[in-house]
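In what follows, a single structure is set out as C-alpha cells and then discussed.
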Amino acid sequence: MDFLNELNKSQLEAVTYNNGPSLVIAGAGSGKTRVLTYKIAYLLSQGMSPASILALTFTNKASREMRKRIGELVGYQYSSYLWMGTFHSIFSRILRNEAELIGFKKDFSIYDTSDSKSLIKSIIKELKLDDKVYRPGNIYNRISFAKNNLFTAQSYYENTDMLQADTRERVPRTREIFALYANRCKQANAMDFDDLLLMPNLLFRDNPEVLNKYQDIFGYILVDEYQDTNVSQYLIIRKLAEKHKRICVVGDDAQSIYSFRGANIDNILKFRQAYKNARLFKLEQNYRSTQNIVNAANSLIDKNSEQIRKTIFSEKEVGSLIKVNSVMTDFEEAFTVAESITQLKKEKNYSYKDFAVLYRTNSQSRVMEEALRKQNIPYKIYGGLSFYQRKEIKDMISYFRLVVNNDDEEALKRIINYPTRGIGKVTQEKLLNTARLYEVSAWDVLKDMLKFNLDVNAGTAKKLADFRDMIDTFSQQVSTLDAYELANSIVKASGIISDAMTDRSAESLSRFDNIQELLKAIHEFSEAKKKEEGVDMVSLPEFLSEISLLTDQDIDKDSHSEKVTLMTVHAAKGLEFKTVYIVGMEEQLFPSPYAESPRELEEERRLFYVAITRAEENCIISHAKSRFRNGQMNFANPSRFLKDIDEKYLDYTENKILSTHSNPFSQDWNKDVPIRRNRFRQKPFKSNTFQTSKQETPRKLIKIADNTDEKITVENEKYPVGTFVKHKMFGIGKVLETSITNGNEKAEIDFGEKGVKSLLLKFAKLEILE
DNA sequence: TGTGGATGCCTTTTT
DNA sequence: GGCATCCACA
C-alpha cells in the first residue's frame, strides 16, 4: 500500500477510518478526489470486493476519472467491477432490474427536461388552462421540486399545504397537472430525471426484501459532492446504509451552489445528526492556490452564517493580491481582460489554457467573445446548447427511443411527421385524443386503428400504418441487431439523412456532421463495451440508457487545447486555472437579483467563493458601471460581496489611477463617500438593507416574506428618490418613495396630472430619464 | 403545411 | 438585443 504515503495526515486519517459513518469536509483544492479514490483503493487492498462498493458522483466525468485513477492504483481487474457512477445512472440500472415491481417495463425511456416540459405543456392545453398563468417551465419546476422532496403525484394531490402554496402562487390546479403528468409518463413507460431518484425510494419502501438485497450488496457506500444532494438522494443513501452503516460522504458545504436544483445544504450540515457516532474529518490544506487567494476566499466565506467552520490554509507562496478593476462599461471590461491575458501570457510565459474568464450568466459571454476575437485570442465557450439538445440529434434519438419503447409518446410526437410524411397537426391531434379517450398509448391506437375508431380517411390511415410498420420492423430487430447496425438502418430508412442533406448550406452540412458524429459515438460505445465486458453484441437499448444520462459536460472539449476558457461560475466548479478573471462583479448581476432570501444570498456568496478558489496564482475581479443588458443600458454598483473580502488581500491600484480622471465612480467607492454626480443616478456603495453578512438584517427579510401588508421604506438603487421615469400609460413621473411591500419592490411615483401611483417595480416597465 | 411578422421573455442547470 | 413562440395568411 505504497500509495498511502502520498497522503497528508488528515487525508490519511480519512482514508483509513472505516469502522462507521464518516463525513469528510474537503475544502477547495484540498485533495478531495484523492481521498475518495485512495479510500476505495484502500478498501480494495483490505480485501473488500469491488462489486460491494457503491460510489456515487454527480457527473459521469467525475466517475469516469475516478474509476480510471483507482484502476491505475490497484488494477483495472478490480476497478471495473465497482458500482461507480452518477446517482442517476446507478439507480436507473437498479430500476431497470426491478422495473416490474413498480409497474414499468425494463426498457423504459428517460424523459429529459424538454420532453417533460413538452408533456406538461400539452396537459395544460388539454385542461384548457392559460399557459401564461400555468407556465410549463414553472409547473415543471414545482413538480420536480415536489418529487425531489419525495412527493408522489398522489401524495401531492392530497397534501393541503401544497394546495395552499399553489393557490398562493395562483396555480391551484398544479396537482391535477402533476397527476396527469405522472399517469402519462407511466403510460409512455417513461421516467423523468427526478423519477430516477424518487422511484428507488418507493421501490425500497414497498419492497423490504429488495431493500434488504441491495443493503447486502453494498457493503460500503461513498458519496462525492455530498453538499449537492437533495432530499430524495439523501433518503436513498440513508436507507441503503442503514443496515451496515458503512458510509463515507465527501463534500464542502462552502461550495454548495445547486439549491435551485433541489440540493439541500442541510444534508451535509446535519450529517452528524442523521448518522450517530459519525466521525468528522476536515481537509484544510489547500494545495491549489497561493496564500493570498486562500485568505481572501476565507474572509469572504466567513460572512456566511450557515457553515461548518474550518480553517483553510495554503503553504504555497504568498502570491499577488486579488486585483479589482473598476471600469465604465461591459465593453471596456471585456477589453481589459483581453489585454491582461495578452500581457500576462507574455510576462509569465503562460499558455492560453492557463486562463479562464468566469461570469454569473451565460449572456455575459458575448461581449467577452467579441473582445477576445478582436485581440486574436483563441477561446472555447462552455454552456449553451449541448450536442444532445440539437434538433437533429434529438430527432435521431427519438427514433431510437420509439423503436426501443413504442409507447414513448414524446419521441413519437417529435418524429411522426419528421421528415414530413403527410401526418399533419390535425391527424396527430386525432391520434392523441383517441389515445386519451381510451386511456391507451398512441402506439396502441396505431396498432389497431379500426378498433379505436380512429377518425381518419383511408389515405391518412395508410400513412399512419406505413409509419407504424417502419418503426415496428426496427423494433423487431432490437434484440438481434447490433446497436450500430440498427442505428444506421434507422437513419437511412427514416429519411433523416436525405432531409438533412437537402441543401448545401453550412447548417445543412453541420447537421449532417452531427448525425455522423452520433453514429460514430454509438460505434465507439459498443466497441468499448464489447471489449470491456467480453460480449459480442451491444444492443440499442444499452446505448440509449447510457446516452440519455449524458450531458455536455461529458464531452471532453479538448481540454489540452491552447485556448482560454469561458464559462459560468457554476460550470467551473471542480476546475482550476493559473489565472482566473471574474467579470461582472456588480449588484443586480452577482449576486443575482433573483436571490432574495438570506439563504439564497449566502448561496450567491458561496458561488463567488467557488469562483475565487478556482485560481491558482492570479485572480482578477472586475465590475462595470454600466452594462448592456436585455437591449438596454443598465447601471450598477460594485457587488456587495467585494466588501466581504478583507481589504488587505485586495489591490485597487488601477482603480485609483482612473479615479483622478474622468471616472466619477471609481473614487474609492469602497469607502462610504457619497458620489455627487447624478448623471447615472446611483447611490454610493454602502451596506444597504439587503446586506446579509450581519445578523440583524436577515431577520428583517424573513419578516418581510412572512408578514402581509408590511411596508419597509428602502432606497432603491435603480430608482433613487427624485429620479424621473417614463411609464407607457402614465407618462413622465418623479419617484417619491421606494419601498419593499410584502417582499415586493414598490415605488410611489408622481405622474403630475395622472396622479400619484404606487407601482410594483417587478411589473412596471419604467424607463429612466437621464 | 409552411412562413413571416408581431409579441413576449429573459439566472445559474452535475442528471 | 436575441430567441422562441404564436397567430394570421398564403
Side-chain angles (χ1 to χ4, degrees), chain A residues 56-64 85-92 110-117 121 125 131-132 135-138 140-141 144 147-148 191-198 224-225 227-230 232-233 255-263 330 358-364 366-367 382-386 388-389 391 417-428 545-554 567-575 584 588-596 600 603-604 606-608 610-611 627-634 762 765:
Chain A
L56 297 164
T57 64
F58 276 82
T59 63
N60 294 296
K61 198 172 151 205
S63 81
R64 216 171 31 230
T86 64
F87 274 91
H88 291 82
S89 72
I90 293 287
F91 290 108
S92 68
I110 296 172
Y111 277 179
D112 69 16
T113 310
S114 68
D115 294 318
S116 299
K117 282 182 186 166
K121 197 173 169 182
K125 214 169 161 187
D131 65 2
K132 296 279 177 324
R135 301 234 304 277
N138 177 34
Y140 171 76
N141 285 336
S144 168
K147 284 185 179 176
N148 287 158
M191 294 202 200
D192 66 17
F193 287 142
D194 303 313
D195 288 331
L196 297 179
L197 304 174
L198 170 66
D224 189 17
E225 307 276 15
Q227 76 281 355
D228 290 331
T229 50
N230 61 34
S232 198
Q233 290 161 324
Q255 295 186 64
S256 165
I257 55 173
Y258 281 104
S259 77
F260 67 93
R261 288 177 38 94
D330 50 348
L358 308 183
Y359 33 76
R360 178 68 244 267
T361 64
N362 277 312
S363 61
Q364 289 166 260
R366 256 179 48 101
V367 62
Y382 288 73
L385 208 57
S386 89
Y388 298 103
Q389 315 255 335
K391 189 190 170 302
N417 198 34
Y418 177 80
T420 322
R421 48 173 74 85
I423 304 174
K425 217 167 85 183
V426 178
T427 308
Q428 286 178 42
S545 62
E546 169 95 3
I547 204 177
S548 41
L549 294 172
L550 283 186
T551 61
D552 233 31
Q553 308 279 323
D554 299 314
M567 54 168 56
T568 62
V569 183
H570 280 94
K573 199 176 85 167
L575 305 179
Q588 304 300 308
L589 187 60
F590 202 164
S592 160
Y594 291 85
E596 287 169 336
E600 289 170 313
E603 176 150 319
E604 294 284 315
R606 291 194 294 270
L607 191 56
F608 187 29
V610 168
R627 175 176 301 277
F628 222 71
R629 260 213 292 178
N630 301 336
Q632 71 174 86
M633 194 70 96
N634 284 44
K762 197 162 51 176
K765 285 187 179 147

| message | Tell me the interatomic distance from Asn634(A), atom CG, to dC10(B), atom P, rounded to whole angstroms. | response | 16 Å
| So Phe260(A) and His570(A), would you call those rings parallel, tilted or perpendicular, with 30° and 60° as cut-offs? | perpendicular
| Closest to the Asp228(A) side chain: dT12(B), dT11(B), dT14(B)? | dT14(B)
| request: Would you kindly compare Lys132(A) and Arg360(A) by the position of their nearest DNA chain B nucleotide and give the one closer to the 5′ end? | output: Lys132(A)
| query | Expressed in angstrom and rounded to an integer, what is the separation of Asn148(A) atom CG from dT14(B) atom P? | reply | 15 Å
| With centres under 5.5 Å and planes under 30°, do Phe87(A) and dT15(B) count as stacked? | no
| request: Would you indicate what Arg366(A) reaches in the nucleic acid, counting non-hydrogen atoms under 4.0 angstrom: base, sugar-phosphate, or nothing? | output: sugar-phosphate
| Which is true for Asp112(A) with a 4.0 Å heavy-atom rule: it touches a base, it touches only sugar-phosphate, or it touches nothing? | nothing
| task | Take Lys147(A) and Asp192(A) through the side-chain contact (heavy atoms from CB on, under 4.5 Å) test and state the conclusion after the steps. | result | CA-CA 10 Å; Lys147(A) 284 185 179 176; Asp192(A) 66 17; 2.7 Å; yes
| said: Side chain of Leu549(A), heavy atoms from C-beta onward: which of dT12(B), dC6(C), dT15(B) has the nearest atom to it? | reply: dT15(B)
| Can you check the Arg629(A) CZ to dT12(B) C1' distance for me, whole Å? | 13 Å
| query | To the nearest Å, how far apart are Lys121(A) NZ and dC9(B) C1'? | reply | 13 Å
| remark: note: Gln364(A), atom CD; dG1(C), atom C1'; distance rounded to Å ~ 15 Å
| note | From CD of Gln255(A) across to C1' of dT13(B) the rounded distance in Å is 17 Å
| task | Please step through side-chain hydrogen bond (donor to acceptor under 3.5 Å, both in side chains) for the pair Thr113(A) and Ser116(A), ending with a clear verdict. | result | CA-CA 5 Å; Thr113(A) 310; Ser116(A) 299; over 6 Å; no
| So, is Arg135(A) near the phosphate of dG8(B), with a side-chain N or O under 4.0 Å from OP1 or OP2? | no
| N/O donor-acceptor pair under 3.5 Å between Thr86(A) side chain and Phe58(A) backbone | no
| query | Would you say dT15(B) has OP1 or OP2 under 4.0 Å from some side-chain N or O of Asn60(A)? | reply | yes
| Nearest heavy-atom neighbours spanning Asp330(A) and Phe628(A) | OD2-N, 3.1 Å
| Can you find a donor-acceptor pair, distance only, under 3.5 Å between Arg261(A) side chain and dT12(B) base? | no
| task | Measure from the side-chain heavy atoms of Thr113(A) and tell me the nearest of dT15(B), dT14(B), dT11(B). | result | dT15(B)
| remark: To the nearest angstrom, the CG-P distance between Asp330(A) and dG1(C) comes to 13 Å
| said: salt bridge (charged side-chain N to carboxylate O under 4.0 Å, His left out), that's the test. Do Asp194(A) and Arg261(A) meet it? Break it down for me. | reply: CA-CA 10 Å; Asp194(A) 303 313; Arg261(A) 288 177 38 94; over 6 Å; no
| 5'-most contact on DNA chain B: Asp194(A) or Pro593(A), nearest heavy atom basis? | Pro593(A)
| query | Across the strands shown, which category fits Ser592(A) at heavy-atom distances under 4.0 angstrom: base, sugar-phosphate, nothing? | reply | base
| query | Does a side-chain N or O from Asn362(A) land closer than 4.0 Å to OP1 or OP2 of dT13(B), or not? | reply | yes
| query | Nearest heavy-atom pair of Val569(A) and Ala611(A): which atoms, and what distance? | reply | CG1-CB, 3.6 Å
| message | For Phe608(A) and Glu603(A): C-alpha separation, side-chain torsions, deciding distance, then whether side-chain contact (heavy atoms from CB on, under 4.5 Å) applies. | response | CA-CA 9 Å; Phe608(A) 187 29; Glu603(A) 176 150 319; over 6 Å; no
Measure all distances between protein nitrogen or oxygen atoms and nitrogen or oxygen atoms of nucleotides 1-3 of chain B, and list the pairs falling under 3.5 Å.
| from | atom 1 | to | atom 2 | distance (Å) |
| --- | --- | --- | --- | --- |
| dT1(B) | OP1 | Gly424(A) | N | 3.0 |
| dT1(B) | OP2 | Lys425(A) | N | 3.2 |
| dG2(B) | OP1 | Thr420(A) | OG1 | 3.2 |

| Heavy-atom check, side chain of Gln588(A) versus side chain of Arg627(A), under 4.5 Å | no
| said: Just the rounded figure in Å: distance from C1' of dT15(B) to CZ of Phe260(A). | reply: 12 Å
| message | Checking contacts here: which listed nucleotide (dT12(B), dT11(B), dT15(B)) is nearest the side-chain heavy atoms of Tyr594(A)? | response | dT11(B)
| task | Check whether any side-chain N or O of Thr568(A) sits under 4.0 Å from OP1 or OP2 of dT13(B), and answer yes or no. | result | yes
| request: Mind checking Tyr258(A) for me? I need base, sugar-phosphate or nothing, with any heavy atom below 4.0 Å counting as a touch. | output: base
